[in-house]
K.L.:
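Before we start, here is the structure in question, set down as structure tokens.
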Amino acid sequence: MSGQAILHLATRADAAGIAALSRDRIEQGLGWSWTAPRVLRSVRDPATNVVVAHRSGRMLGFGIMKYHDDDSHLLLLAVHAQATRRGIGSALLAWLERSALAAGIGQVYLEARLANGAARAFYARLGYREIQTLPGYYQGVEACVRLAKDLWPAPVAPG
Ligand SMILES: CC(C)(COP(=O)(O)OP(=O)(O)OC[C@H]1O[C@@H](n2cnc3c(N)ncnc32)[C@H](O)[C@@H]1OP(=O)(O)O)[C@@H](O)C(=O)NCCC(=O)NCCS
């Protein structure tokens with residue numbers, strides 16, 4: 001794969017591809033809840049950003065973040081298995097974090113499967129802290145870890 005991935009807001013044409021990627025990369029073993037109609041609702045929701053990464057006409061990854069008054073919630077993030085470890089996940093998350101900051105929101109929360117070591121390593125690398133473990137979070141059968149990141153720069157000590 002060559003060339004730079006292009007990131008942009010998703011359109012209705014991306015909904016089926018996003019839903020399939022969620023089914024295959026995020027929801028495996030849990031039942032498919034992020035079907036195309038649900039993704040489309042997020043695309044149309046003014047309080048939610050759905051960002052996609054494309055290269056050479058192919059969708060390589062996506063992220064969905066919901067913005068609340070004081071914080072934001074990363075609902076889903078996935079990159080195609082053949083496109084991982086090329087910085088696409090980081091670029092998608094940075095895009096969503098910048099949008100949160102632009103809206104005056106300084107806190108991001110998300111949940112990941114406790115057993116998802118790759119995702120936990122990824123989020124740790126990007127500055128997310130693990131703040132809570134919730135047993136049975138996924139359909140009563142699988143635990144999650146909740147993570148948080150403060151997007152505001154730390155205040156500089158005077159002097
Ligand atoms: C987690 C995921 C989004 C990462 O996407 P990605 O495009 O591969 O991530 P990046 O290339 O930006 O990785 C940035 C850094 O995160 C860490 N990282 C990423 N994947 C990792 C892995 N499998 N194991 C260990 N560390 C990893 C590394 O430090 C990496 O930097 P490096 O490649 O220079 O070592 C991707 O693996 C994925 O889609 N997984 C399945 C879905 C999922 O788990 N989503 C998150 C929970 S909803």
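Order of appearance sets the numbers: ligands from 1, and atoms from 1 within every ligand.
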K.L.:
Name the option, out of A94, G63, A83, G89, that contains the heavy atom nearest to atom 7 (O) of ligand 1.
P.N.:
G89
K.L.:
Mind checking whether R86 contacts ligand 1 via backbone (N, CA, C, O), side chain (CB onward), both or neither, at a 4.0 Å heavy-atom cut-off?
P.N.:
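It is the backbone that touches ligand 1; the side chain stays farther off.
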K.L.:
Answer yes or no: is there a donor N or O on one side and an acceptor on the other, between the side chain of R25 and the main chain of V79, under 3.5 Å?
P.N.:
yes
K.L.:
Between the side chain of Q107 and the main-chain N/O of A148, is any donor-acceptor distance below 3.5 Å?
P.N.:
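Judged by distance alone, no pair lies under 3.5 Å.
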K.L.:
For ligand 1, is there an N or O atom under 3.5 Å from any N or O atom of L77?
P.N.:
yes
K.L.:
Which residue and non-hydrogen atom of the protein lie closest to atom 30 (C) of ligand 1, and at what distance in Å?
P.N.:
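That would be R125 NH1, 3.7 Å.
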K.L.:
Any idea which protein heavy atom is nearest atom 21 (C) of ligand 1, and the distance to it?
P.N.:
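For atom 21 (C) of ligand 1, the nearest protein heavy atom is R85 NH1, 3.3 Å.
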K.L.:
Is the backbone N or O of L126 less than 3.5 Å from a side-chain atom of K149, with the two atoms forming a donor-acceptor pair by type?
P.N.:
yes
K.L.:
Above 12 or not: heavy atoms from other molecules or residues under 6.0 Å from CZ of R12?
P.N.:
no
K.L.:
Using a plain distance cutoff, I'd like to know if Y123 has any nitrogen or oxygen under 3.5 Å from a nitrogen or oxygen of ligand 1.
P.N.:
no
K.L.:
Check the surroundings of atom CD1 in I6: do more than 12 heavy atoms from other residues, nucleotides or ligands lie under 6.0 Å from it?
P.N.:
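Check fails, neighbour count at 12 or below.
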K.L.:
Please work out whether any backbone atom (N, CA, C, O) or any side-chain heavy atom from C-beta onward of N116 is under 4.0 Å from ligand 1, and answer side chain, backbone, both or neither.
P.N.:
side chain
